[in-house]
Visitor: 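If you scroll down you'll find the structure; I have some questions about it.
Heavy atoms only: backbone and side chains are in, while hydrogens, waters and symmetry mates are out.
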Amino acid sequence: MKSTPERRSLIGPSSPSVPRLLVAATRSPRTLLDGVWWPRSTDPVAELPGLVLALQGPGPPGDHGPVANILLRVSDWDSRPSRLRIEGTEGLTDTRFVRLSWFDTLRAGLLIAISADGHRVDLLTLPPYTDENAVRSRPCPDSG
């Protein structure tokens, strides 16, 4: 029996965790990914608010405005809310919603964040159970 997708907005934790995130300063035509993200769990409500705030911060990719939509692979996460409320922090006083779009056809571990102006950030999402030594040995996304 096929389950019904969750169609509700969820509020993230009041203080989002600091994401374990490595984003390349620039993207070359040869680069397939903009960065690597290593969440602590597969709970999108707990993990995505910190990532959204990090991506909209000052400097690339934050120069492109706030994240408006995130595309995720269904099987990579425990639940599938359709929207997530993000509380602004540290000078970001806006409270807004980010749309979450769920796909079976996205590659495993791929997360795509799209800003309000259409700029796209592609991240490799490592499974939370990934060994820390394996994470540290990964090359930087902009190393070519």
Side-chain angles (χ1 to χ4, degrees), residues 2-90 92 94 96-144:
K2 191 173 182 178
S3 64
T4 305
E6 298 173 31
R7 294 288 180 206
R8 63 179 187 258
S9 298
L10 295 174
I11 300 170
S14 58
S15 57
S17 64
V18 175
R20 299 179 291 188
L21 175 67
L22 175 64
V23 178
T26 59
R27 186 176 194 178
S28 75
R30 309 183 309 199
T31 306
L32 299 176
L33 294 169
D34 296 298
V36 178
W37 178 45
W38 185 23
R40 291 171 176 83
S41 73
T42 55
D43 178 4
V45 177
E47 299 298 334
L48 291 174
L51 177 65
V52 167
L53 292 173
L55 291 176
Q56 74 183 24
D63 290 342
H64 298 281
V67 173
N69 190 11
I70 298 179
L71 288 62
L72 303 136
R73 182 181 163 111
V74 171
S75 61
D76 290 346
W77 299 93
D78 292 339
S79 63
R80 293 180 294 285
S82 60
R83 295 186 321 156
L84 187 64
R85 189 169 96 182
I86 306 294
E87 301 285 341
T89 61
E90 296 181 27
L92 301 171
D94 65 317
R96 59 191 176 76
F97 288 91
V98 173
R99 180 177 178 201
L100 304 180
S101 301
W102 299 94
F103 299 91
D104 289 324
T105 56
L106 231 66
R107 287 183 174 232
L110 179 62
L111 177 147
I112 301 170
I114 302 173
S115 66
D117 70 357
H119 179 77
R120 170 180 166 153
V121 176
D122 295 359
L123 297 174
L124 171 62
T125 303
L126 301 176
Y129 54 81
T130 303
D131 180 64
E132 188 170 349
N133 291 327
V135 173
R136 291 187 189 282
S137 67
R138 287 193 177 270
C140 180
D142 64 351
S143 63

Visitor: I want to check something: taking the side chain as every heavy atom from C-beta on, are P49 and L84 in contact at a cut-off of under 4.5 Å?
Guide: yes

Visitor: So, using side-chain contact (heavy atoms from CB on, under 4.5 Å) as the criterion, who are the partners of P127 when residues are at least two apart?
Guide: Y129, T130

Visitor: Checking the side chain of D34 only, and the main-chain atoms of D122 only, is there a donor and an acceptor separated by less than 3.5 Å?
Guide: yes

Visitor: How about P39 and S41: do any of their side-chain heavy atoms sit closer than 4.5 Å?
Guide: no

Visitor: Given side chains that start at C-beta, do those of P66 and S115 come closer than 4.5 Å, heavy atoms only?
Guide: no

Visitor: Which heavy atom of G109 sits nearest to which heavy atom of D76, and what is that distance?
Guide: N-OD2, 2.8 Å

Visitor: As an exercise, state the distance from CZ of F97 to CZ of R85, rounded to the nearest 0.5 Å.
Guide: 6.0 Å

Visitor: I'd like to know if the side chain of W102 reaches the main chain of S75, judged simply by a donor and an acceptor atom lying under 3.5 Å from each other, with no hydrogens or angles considered.
Guide: no

Visitor: What distance do L124 atom CG and L33 atom CG have between them, rounded to the nearest 0.5 Å?
Guide: 6.0 Å

Visitor: Can you tell me if R73 uses its side chain to pair, donor with acceptor, with the backbone of L106 under 3.5 Å?
Guide: yes

Visitor: Should R40 and P128 count as side-chain neighbours, where that means a heavy-atom distance under 4.5 Å?
Guide: no

Visitor: Using the rule given for side-chain contact (heavy atoms from CB on, under 4.5 Å), can you reason through V36 versus L123, listing the C-alpha separation, both sets of side-chain angles and the distance that settles it, and then say yes or no?
Guide: CA-CA 5 Å; V36 178; L123 297 174; over 6 Å; no

Visitor: Would you say R99's side chain and L71's backbone share a donor-acceptor pair under 3.5 angstrom?
Guide: no

Visitor: Rounded to the nearest 0.5 Å, how far apart are CG of L51 and CD of Q56?
Guide: 10.0 Å

Visitor: Quick one: which of V98, I70, D43, I86 gives a side chain to side chain contact (heavy atoms under 4.5 Å, CB included) with L48?
Guide: I70

Visitor: Would you check if L110 and T125 make a side-chain contact, meaning some heavy-atom pair closer than 4.5 Å?
Guide: no

Visitor: Do you know which two heavy atoms are closest between R96 and V52, and how far apart they sit?
Guide: NH2-CG1, 3.7 Å

Visitor: Using a 4.5 Å cut-off on heavy atoms from C-beta on, say whether the side chain of L72 contacts that of W77.
Guide: yes

Visitor: Can you list everything that forms a side-chain hydrogen bond (donor to acceptor under 3.5 Å, both in side chains) with T105? Sequence neighbours excluded, please.
Guide: none

Visitor: So do the side chains of W37 and L111 get within less than 4.5 Å of each other, counting heavy atoms only?
Guide: yes

Visitor: Could you tell me whether a side-chain N or O of E47 sits under 3.5 Å from a main-chain N or O of T42, the two making a donor and an acceptor?
Guide: no

Visitor: Are the side chains of V121 and I112 in contact, using a 4.5 Å heavy-atom criterion?
Guide: no

